[in-house]
Structure formats: structure tokens, C-alpha cells
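Contents: one structure, followed by commentary.
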Amino acid sequence: MKPGVFTPEHELLRRSIRTFVEREVTPEVAAWEEAGQIPRTFWRRMGELGFLGLDFPSDSGGAGADFVANVVLGEEMARCRSGGVAFSVLVHTDMSSPWLVRYGTDAQKRKYLPGIVSGVTVCALGITEPGTGSDMAAIATRAERRGDRYVLTGNKIFITNGVYGDLYFVAARTGAGQPDRRHDGISMFLVERGLPGFDVSRKLDKMGMRASDTAELAFHECPVPADNLLGVEGRGFQQLAAGLQRERIMAAVLAISGAAQALEDTLRYLSQRTAFGEPLAQRQALRHRVADLATEIEAARHLVYHAVELYARGDDCITEVSMAKLFATEVANRVAYQAVQLHGGYGYMREFPVEGFFRDVRLWTIASGTSEVMREIIAKRLTWDNPRRGGNT
Ligand SMILES: Cc1cc2nc3c(=O)[nH]c(=O)nc-3n(C[C@H](O)[C@H](O)[C@H](O)COP(=O)(O)OP(=O)(O)OC[C@H]3O[C@@H](n4cnc5c(N)ncnc54)[C@H](O)[C@@H]3O)c2cc1C
């Protein structure tokens, strides 16, 4: 473990989250995966235990801890044996609600944070659209100002917590944006479930992350109170870009913590399984393969913790975060492939956790910025002898 990232307080927190996960979450996740839904009682319990606002200031109902506390939460939730549960939680704690703490007005915080922290209000982030994902600046959902409201029209897709959520952080276009400044003119809104003209048009059926619900959303002339504009009108892209670093760190944390657990499972399996008269763990070819996997996981962890430290200090860390997200999620997928392979036929069976991990982890080179987009960001920030270097993603 990299020294200096986690304090004794973080380790205490880790123990309490791990106990909660082992006792109250892991025994239930098979049912939640089957149902494609996480019960409301889970969210309330997380709230009761203080896990849903760890790094929010105490005057906002949070625990007043630092960002690293959320990294601990991510690492421990990733061990619950359902990528979907961990993903849903992190969408709530790290990929949506921090926008409210950072950009919300006092009135917005007073209205929404108590529910978010207590687990009564489940949050979702609505950026991706049927026509655009990686190219965030191309979103087409429109928000037109009419008196004391903005009227939203458009569609969102792949929205985690979108089916059963309560509060949606939605990106929509409020201005035209110029051809040379296409990132301008996007704004963020807090949209409550139940507004007229706002429908969950589809619950999407997906390969993995089964316990987390994923929605297609439709807005048709949906009136959102002007007071629910989040941050500055027209600066939504810039606000989102700042928060994407946190989202990407958390994607890397979930992927690599899950990979470490899949490796633990594999070591246990290889120790117990015999073939040709001895435990598979005695085979040098397999021992070397798991040694490579352990080394890759360790390297990825160090890269992730380095990004965590830079982010926690408020340093410019776009390159390091992109590298950590790229490397950790690719490593985790290699680990998943080998973990299934090393389990033989059992690795293909639902009752073995590596099977679920293999499906869940596939998401992480896609969501929160694909591997290709990460490479593009890194490449833009390298020093080239040509005018196309530099970027603002
Ligand atoms: C289960 C799941 C949950 C999700 N949850 C959310 C959520 O809660 N909220 C939300 O807003 N979104 C969510 N997403 C959306 C996710 O962030 C997008 O799928 C992702 O950003 C990729 O966008 P896309 O699917 O439109 O792919 P595209 O952008 O169409 O990309 C298709 C392919 O082209 C490649 N590509 C694109 N641009 C470039 C380029 N410039 N150079 C090289 N290659 C490129 C991509 O890497 C990819 O391989 C979720 C997705 C999934 C699958």
C-alpha cells in the first residue's frame, strides 16, 4: 500500500465500511442482482451509518472528512461482490451530489442535501444522450428559459440510478455556442423525479452491473424551476469537466479494488483445486501468471493513489487521472479475463464471483470516459512539435 495516502482515521473508516459490507451487503447482492434493483432500505442504512456524505462539510449534513475517505468507501464497496451496487453508490456520492456541494446555492443545499446524505434522495447524473457520449459538447437536450422556469426537451441514455432515482443532475443546452467555442452554452439542472414532461422511457437490460438500474430518460417540455439551475448558466461543460476528474478516479478505484478481490479469489481457488496429482497453485506457469497480475494491480494502484493525492491537494491532475483511469481499468479487465481462465469451467458459472466481475468490469473501459478518450487526453497533453497539442477535456 502506498504510504501517506491513508491516515489511521481512514483505516478506522475502512474497518467500519468493510464490516457493514460483509455483514449487510454481500449476503444480499445476489438477490439485488437478480432483481436489477437495490432496495430503498439499503440507501437509508448507508445514510444512517454516515457513508453518503463523507466529505461533505458538517454544516451540509456531511461527516466533514476529506476526499480520501470517499476513496476508502469506493474500495470497500467494490468488495461487496456486485459491481452494480458499488457503481450505484458512487454515482450518488461521487459522480453527482458533489456538484451540488460545489456549485449549489445555499437554498439548493438546504433543500436537497439532507435527503441525499440520509439516503432518502437517490441521485443520478444525466449527461449521455442517444446521439452523443464521448463528445459531451455535442449534447442536444435543450433548456429554454420561459419566465421563472427552464423548459427541457430531449433524451438521455445509460443513466445509472435513472429508473429508481429521485434527483437528476442534467446537462442541457441553454445557448447556441459558437462553432469555435462549442463547449459554451451548456448548463446543469437539478431535476426532480415526477415533474410533468419527464419520463423514464426505458429500463435498459445490460451485460453486467445488473443490480444498478440504468435508464433512458425523455424530457418533453418539462418545466424546471429557474431556481434549479446549478452553477452558472452556459458554464455547465466547464463545471462538468472539473468534476469528471473525481468520477474517473472513482472508476479506477472501483475497477482496481474489484480486480484485487478477483485475484484473491483466484489464489484461493488455485490453492484448493488439484489436477494431475497436485494443487494447481504448484504449477509454475500459473504461479507466474498470477505474479504478473499481482504486479499489474500494484502498479495500477500506485498510479491511482498518485492521482488521488494530486486531486485531494487541488493540483492540476488531468494527465495523471486520465493515465490512472486508462491503466487501472485496462489492467482490471486483463485480471478478469485471467481470473475466469484460471478458474476453468467454474469461472464460467454464475455461482463463482469471478464470473460476475468479468461482466461488471467490462464497463470500466467505457463509462466515465472511454480508454480511447483517455488516450486522446493524455496525447494532447504531451509535448509535441505540432500545433494540435493541448486540450480542454
Ligand atoms: C452501464 C452504463 C452506465 C452509464 N452511466 C451513465 C450515467 O449515469 N450518466 C451518464 O451521463 N452516462 C452514463 N453512461 C454513459 C457512458 O459514460 C458513455 O457510454 C461513454 O461516455 C461513451 O459514450 P458512448 O457510449 O456514446 O460511445 P461513443 O462516444 O459513441 O464511442 C464509441 C467508440 O468510439 C470511440 N471514440 C469516441 N470518440 C473517440 C475519439 N475522439 N478518438 C478515438 N476513439 C473515439 C470510443 O472510445 C468508443 O470505443 C453509462 C454507460 C453505461 C454502459
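One-based numbering, in listed order, for ligands and for the atoms of each.
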Within the protein, is there a heavy atom lying under 4.0 Å from [atom]?
| atom | answer |
| --- | --- |
| atom 42 (N) of ligand 1 | no |
| atom 39 (C) of ligand 1 | no |
| atom 36 (N) of ligand 1 | no |
| atom 26 (O) of ligand 1 | yes |
| atom 51 (C) of ligand 1 | yes |
| atom 47 (O) of ligand 1 | yes |
| atom 7 (C) of ligand 1 | yes |

Note to self: Has Asn333 got a side-chain atom pairing as donor or acceptor with Val361's backbone, closer than 3.5 angstrom?
What the structure shows: yes
Taking atom types as modelled, find out whether [X] and [Y] have a side-chain donor-acceptor pair closer than 3.5 angstrom.
| X | Y | value |
| --- | --- | --- |
| Arg81 | Thr26 | no |
| Glu330 | Thr365 | no |
| Asp184 | Gln238 | yes |
| Glu247 | Ser368 | yes |
| Tyr311 | Asp316 | no |
| Asp265 | His343 | no |

Next item on the list: Report the part of Asn161 (side chain from C-beta onward, or backbone N, CA, C, O) that has a heavy atom under 4.0 Å from ligand 1; answer both or neither where that applies.
Entry: neither
Check: If you measure from each non-hydrogen atom of Ala124 to ligand 1, which part falls under 4.0 Å: side chain, backbone, both or neither?
Finding: neither
Nearest non-hydrogen protein atom, [atom]:
| atom | answer |
| --- | --- |
| atom 17 (O) of ligand 1 | Ser368 N, 3.6 Å |
| atom 13 (C) of ligand 1 | Phe158 O, 3.0 Å |
| atom 20 (C) of ligand 1 | Ile366 O, 3.5 Å |

Quick check: does [X] get an N/O under 3.5 Å from an N/O on ligand 1?
| X | result |
| --- | --- |
| Thr128 | yes |
| Thr370 | yes |
| Thr160 | yes |
| Leu363 | no |

Note to self: A quick test of your reading: do over 12 heavy atoms of other residues, nucleotides or ligands sit less than 6.0 Å from CD of Glu278?
What the structure shows: yes
Note to self: Tell me if the OH atom of Tyr337 is crowded by more than 12 foreign heavy atoms within 6.0 Å.
What the structure shows: no
Next item on the list: Please list, chain by chain and in numerical order, all residues satisfying side chain to side chain donor-acceptor pair (under 3.5 Å) with Arg287, sequence neighbours excluded.
Entry: none
Check: Where does the angle between the aromatic ring planes of Phe219 and Phe198 fall among parallel (under 30°), tilted (30 to 60°) and perpendicular (over 60°)?
Finding: parallel
Notebook entry, point to check: Would you call the rings of Trp99 and Tyr103 parallel, tilted or perpendicular if under 30° counts as parallel and over 60° as perpendicular?
Noted result: parallel
Would you mind listing which atoms of ligand 1 come within a distance below 4.0 Å of any non-hydrogen atom of [X]?
| X | answer |
| --- | --- |
| Leu125 | 7 (C), 8 (O), 9 (N), 10 (C), 11 (O) |
| Ile159 | 7 (C), 8 (O), 9 (N), 10 (C), 11 (O) |
| Glu372 | 43 (C), 44 (N), 46 (C), 47 (O), 49 (O) |
| Gly133 | 23 (O), 24 (P), 26 (O) |

Checklist line | Option with minimal heavy-atom separation from atom 29 (O) of ligand 1, where the choices are Gly165, Ser134, Ser96 | finding: Ser134
Check: Are Arg14 and Phe6 in a cation-pi setup, meaning NZ or CZ lies under 6.0 angstrom from the ring centre and within 45 degrees of the ring axis?
Finding: yes
